[in-house]
Amino acid sequence: LMNYLFGCSFATHVGRCTKGLYISLLETRHALLVILDTEGLLSVEARDDVFDKQVALMTMACSDLVIVNNRGELGRHVGDLFQVCLFALYHLKLARISPAIGFVLQCLSMVNQQQQYEWVATVKRSLEDSVQELQQKEKPHSFKLQDLVFLDSESIFVMPSAFNDDVQFGLQVSRPTNLYALKALQLREKVFQWIARAKASQKQRFAETADGADIPSTGSSGSSVFASLSQWYDHARTVWQTLSMCGTD
């Protein structure tokens with residue numbers, strides 16, 4: 001998916017093709033984009049549950065947008081993973097960004113909009129429940145879900161299958177579809193819309209509070225929090241070192 005969206009060169013094949021976390025840089029006229037590609041999480045091929053959570057936390061603490069590339073419909077396991085991440089993000093105070101979360105559901109073609117909204121609403125409710133648990137130990141209503149992550153009913157995009165199976169000279173072959181490429185272009189526009197809405201929401205939250213003091217650990221009011229690639233790298237290294245030291249705690 002990242003290859004279609006941003007012209008990356010990440011390796012692709014059937015099964016797990018990414019081990020750990022890969023990084024690609026895309027320089028545009030306006031910005032330098034850092035694109036992270038993680039190995040498949042919550043799958044039978046994943047290393048272990050702890051590593052899944054560490055990688056998910058790493059991406060959430062270092063990104064403006066986290067794209068959850070899911071094959072098929074959203075399941076409860078996605079919400080459960082993000083619940084753990086919210087607790088860790090809040091208590092470890094690692095995040096300098098309130099990332100947007102976007103769900104991309106692969107290999108789905110006949111899903112109505114109402115069903116999409118319901119899937120996102122289910123995940124959002126589970127995260128709001130987590131925030132309420134955190135608030136019981138903190139100042140009442142001192143922060144909201146959007147202070148940690150941004151998620152709304154539009155945070156979902158459905159993609160068709162990337163390949164069509166066919167038979168040629170007695171052999172089964174798979175060819176990329178033009179529809180998938182077209183949808184990837186539409187998704188690219190959606191990606192930047194997700195980021196823009198998240199930053200606008202964060203800016204509004206800062207304006208609603210006197211000086212942003214009640215908003216937990218998420219940097220400035222919507223502008224880039226990293227002046228250079230080296231600053232981002234230093235932050236990412238600190239995040240991973242902290243997660244590695246915490247281990248299973």
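This one's a predicted model, so the numbers in the text were calculated from it and none came from an experiment. The chain is numbered in sequence order, starting from 1.
Distance OG/S230 to CZ/R237: 10.5 Å, rounded to 0.5 Å. Atoms OG and CD, on S153 and Q114 in that order, are 10.0 Å from each other to the nearest 0.5 Å. For the atom pair CG (L187) and CD (Q193), the distance works out to 10.0 Å, reported to the nearest 0.5 Å. Note that CZ of F6 and CG of D37 are 11.5 Å apart. Values are rounded to the nearest 0.5 Å. Note that SG of C62 and CG of L36 are 7.5 Å apart. Values are rounded to the nearest 0.5 Å. Note: R125 CZ to E118 CD = 8.5 Å, rounded to the nearest 0.5 Å.
For the 3.5 Å distance criterion, the side chains of Q106 and N69 qualify, holding a donor opposite an acceptor.
Nearest approach of C85 to L57, heavy atoms of both residues: O-CD2, 3.4 Å. In this structure, L1 and V104 approach most closely via the heavy-atom pair CD2-CG1, 3.9 Å. Scanning both residues, Q54 and S244, for their nearest heavy atoms gives NE2-CA, 4.1 Å. Taking both residues in full, the closest heavy atoms of A198 and S98 are given as CB-O, 4.5 Å, listed atom of the first, atom of the second, then distance. For the pair M58 and A236, the tightest heavy-atom approach, listed with the atom from each and the gap, is CE-O, 3.4 Å. Here the closest heavy-atom approach between residue P99 and residue L148 is recorded as CD-O, 3.3 Å.
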Side chain to side chain contact (heavy atoms under 4.5 Å, CB included) between T38 and T59: does it pass, once the steps are laid out? CA-CA 9 Å; T38 75; T59 57; 3.6 Å; yes
Could you give me the CA-CA distance, side-chain angles and deciding distance for F150 and I195, then say whether side chain to side chain contact (heavy atoms under 4.5 Å, CB included) is met? CA-CA 9 Å; F150 180 81; I195 295 174; over 6 Å; no
Can L105 and M159 be said to form a side chain to side chain contact (heavy atoms under 4.5 Å, CB included), step by step? CA-CA 6 Å; L105 308 185; M159 293 286 288; over 6 Å; no
Go through the steps for L86 and L145 under the test side chain to side chain contact (heavy atoms under 4.5 Å, CB included), then give the verdict. CA-CA 9 Å; L86 279 188; L145 174 62; 3.7 Å; yes
Check against salt bridge (Lys or Arg N to Asp or Glu O under 4.0 Å), R197 and E154: CA-CA 10 Å; R197 287 209 308 273; E154 299 293 330; 5.6 Å; no
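Aromatic ring pairs are classed by plane angle as parallel below 30°, tilted from 30° to 60° and perpendicular above 60°; the pair F51 and W240 is perpendicular.
Side-chain contact between Y22 and M2 is absent, with no heavy-atom pair separated by less than 4.5 Å. Contact of the I97 side chain with the F226 side chain is registered, since non-hydrogen atoms from C-beta on lie closer than 4.5 Å. A heavy-atom distance below 4.5 Å is not found between the side chains of F103 and N70. Looking at heavy atoms from C-beta onward, W194 lies in side-chain contact with F157 at the 4.5 angstrom threshold. The closest side-chain heavy-atom distance from I67 to V191 is below 4.5 Å. Residues I35 and L25 fail the side-chain proximity criterion, which asks for heavy atoms closer than 4.5 Å. V34 is listed as a side-chain neighbour of I23, based on a closest heavy-atom distance under 4.5 Å. S161 has its side chain out of reach of Y180: every pair of non-hydrogen atoms, C-beta onward, lies at least 4.5 Å apart.
Linking Ile, Leu, Val, Met, Phe, Trp and Tyr whenever their side-chain heavy atoms come within less than 4.5 Å puts Y233 and L243 in one cluster. Hydrophobic clustering (ILVMFWY, side-chain heavy atoms < 4.5 Å, transitive): L185 and L65 are in distinct clusters. In the hydrophobic clustering of this structure, V149 does not group with Y117; members are Ile, Leu, Val, Met, Phe, Trp, Tyr whose side-chain heavy atoms approach within less than 4.5 Å, directly or through other members. There is no path of hydrophobic side-chain contacts, each under 4.5 Å, that joins L151 to V84.
The backbone N or O of D152 lies less than 3.5 Å from a partner atom in the side chain of S155, making a donor-acceptor pair. Checking side-chain atoms of T28 against main-chain N and O of A31 turns up a donor-acceptor pair under 3.5 Å.
In E27, the CD atom is not crowded: 12 or fewer heavy atoms of neighbouring residues, nucleotides or ligands sit closer than 6.0 Å.
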